[in-house]
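Only this structure's heavy atoms are used, side chains among them; waters, hydrogens and symmetry mates stay out. Counting from 1, the numbers follow the sequence of the chain as shown. Just so you know, these numbers come straight off a predicted model, no measurement behind them.
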Amino acid sequence: MRGDAPGDPLSLLVLGESTAAGVGVATQADGLAPALAAGLSGHSGRPVTWRVAAHTGYSARKVLGRLVPQLPDETYDVVVVVLGVNDVLEMRSGRGWRRDIAALLGALRPRLRPGGRVVLAGVPDMAGFPALPKPTRTVLGLHARHLDQGLARVAADTPWAVHAPAFGIDTSGLYAEDGFHPGADGYRTWAAHLVTIMAALPGQSPRTM
């Protein structure tokens with residue numbers, strides 16, 4: 001639970017790959033989910049409960065097939081989906097990726113409370129990952145941008161979903177020591193970016209902000 005303001009708590013689910021799990025920092029307290037919860041609480045004036053369902057190395061297909069069926073029987077005001085890096089590494093086709101994301105959104109729809117949203121975090125531009133050698137990161141960066149365009153297309157066709165363009169981690173101090181995942185400052189900055197996008201959405205439900 002983050003925030004101590006009065007009122008019914010908002011419910012947040014962070015779903016996806018290693019960054020959803022907070023890989024890159026020593027404790028989950030410095031990861032993405034707690035920072036999102038704190039930001040949402042600050043904007044809404046309400047406490048936020050949060051849950052993480054994530055697995056390192058999982059693609060969209062694996063999250064759909066393995067994590068979603070294991071979710072507890074509860075609903076959420078906000079689901080933040082963090083995926084794409086592993087699909088880029090697997091060189092998943094754009095068509096297959098869009099199909100996977102559309103199926104994932106369909107599976108998440110019954111998990112949303114009235115007025116709830118699924119926020120699709122943009123696929124990061126992997127051309128900037130320090131851990132990746134050239135020319136590999138250039139090729140992966142191009143494919144990441146291609147998949148992110150597909151992510152935006154699927155979100156545009158889904159009334160309960162929104163695409164949040166990727167936050168560019170272009171400062172070395174925002175990366176973890178592995179040069180691949182965000183560090184604590186990176187997660188906090190990324191969370192603030194996502195909350196700002198969510199707070200600016202038109203026609204927001206009072207339950208979400």
Side-chain angles (χ1 to χ4, degrees), residues 1-5 7 9-56 58 60 63 67 76-86 104 108 111-113 116-126 128-130 144 148 151-152 155 160-201 204-205 207-209:
M1 175 91 67
R2 293 304 295 262
D4 53 9
L10 299 174
S11 182
L12 165 69
L13 171 67
V14 180
L15 177 72
E17 55 193 13
S18 58
T19 45
V23 173
V25 292
T27 68
Q28 180 63 256
D30 289 324
L32 181 63
L36 282 172
L40 287 171
S41 180
H43 275 281
S44 67
R46 298 167 59 185
V48 176
T49 62
W50 57 271
R51 179 183 296 276
V52 172
H55 196 289
T56 299
Y58 269 20
V63 167
L67 291 186
Y76 307 94
D77 295 296
V78 183
V79 179
V80 176
V81 174
V82 183
L83 285 168
V85 169
N86 294 303
L104 179 60
L108 290 173
R111 304 280 184 171
L112 293 178
R113 295 176 178 176
R117 300 279 189 116
V118 176
V119 178
L120 299 173
V123 182
D125 185 352
M126 296 175 68
F129 283 22
D148 191 54
L151 194 67
W160 62 87
V162 61
H163 172 254
F167 162 68
I169 302 181
D170 52 8
T171 302
S172 59
L174 298 182
Y175 282 96
E177 291 183 3
D178 64 8
F180 194 87
H181 296 92
D185 288 342
Y187 279 122
R188 282 191 291 269
T189 307
W190 187 12
H193 170 74
L194 290 171
V195 170
T196 297
I197 290 172
M198 287 187 275
L201 289 174
Q204 296 173 114
S205 162
R207 284 205 57 82
T208 54
M209 281 290 174

Q) Mind checking whether Trp160 and Leu112 have side chains closer than 4.5 Å, heavy atoms only? A) yes
Q.
I'd like to check the side-chain contact (heavy atoms from CB on, under 4.5 Å) partners of Ala60; sequence neighbours left out, ordered by chain and number.
A. Leu83, Asp87, Trp97, Asp100, Ile101
Q) Which residue, Val82, Leu36, Leu174, forms the side-chain contact (heavy atoms from CB on, under 4.5 Å) with Trp190? A) Val82
Q) Which atoms form the tightest heavy-atom contact between Trp50 and Ala37, and what is the distance? A) CD1-CB, 3.5 Å
Q.
If we ignore hydrogens and angles and just use 3.5 Å, is the side chain of Asp77 paired with the main-chain N or O of Ser11 as donor and acceptor?
A. yes
Q. For Asp178, what residues pass the salt bridge (charged side-chain N to carboxylate O under 4.0 Å, His left out) criterion, not counting sequence neighbours?
A. none
Q) Is there a donor-acceptor pair closer than 3.5 Å between any side-chain N or O of His193 and the backbone N or O of Pro165? A) yes
Q. Do Pro182 and Thr19 have side-chain heavy atoms sitting under 4.5 Å apart?
A. yes
**Q.** Nearest atoms (heavy-atom pairs only) where Ala35 meets Ala191
**A.** CB-CB, 3.4 Å
Q. Closest approach of Ala121 and Leu194, non-hydrogen atoms and distance?
A. CB-CD2, 4.3 Å
**Q.** Partner residues of Asp148 under the side-chain contact (heavy atoms from CB on, under 4.5 Å) criterion, sequence neighbours left out
**A.** Val123, Leu151, His163
Q: Check side-chain contact (heavy atoms from CB on, under 4.5 Å) between Ala53 and all other residues, then give those that pass, not counting sequence neighbours.
A: Leu13, Leu15, Leu71
Q.
Please give me the minimum heavy-atom distance between Phe129 and Tyr175, naming the atom from each residue.
A. CD1-OH, 3.7 Å
Q | From Val14, Leu108, Leu12, residue fulfilling side-chain contact (heavy atoms from CB on, under 4.5 Å) relative to Val79 | A | Leu108
Q | For Tyr58, all residues meeting ring pair (Phe, Tyr, Trp, His ring centres under 6.0 Å), sequence neighbours excluded | A | His55
Q: Could you list all the side-chain hydrogen bond (donor to acceptor under 3.5 Å, both in side chains) pairs where at least one residue sits in residues 24-33, not counting sequence neighbours?
A: none
Q.
With heavy-atom distances below 4.5 Å as the criterion, would you say the side chains of Tyr187 and Pro34 are in contact?
A. no
Q) Do Met198 and Leu40 come close enough that some side-chain heavy atom pair is under 4.5 Å? A) yes
Q | Approximate separation, where rounding is to 0.5 Å, of Arg46 CZ and Ser41 OG | A | 10.0 Å
(Q) Looking at every non-hydrogen atom in both residues, tell me the closest pair between Ala20 and Ala54 and how far apart they are. (A) CB-CB, 3.7 Å
Q) What pair of heavy atoms forms the shortest contact from Ala155 to Val162, and how long is it? A) CB-C, 4.0 Å
Q: Taking atom types as modelled, find out whether Ser18 and His181 have a side-chain donor-acceptor pair closer than 3.5 angstrom.
A: yes
Q: Tell me, with the steps shown, if His43 and Val195 meet side-chain contact (heavy atoms from CB on, under 4.5 Å).
A: CA-CA 8 Å; His43 275 281; Val195 170; 3.0 Å; yes
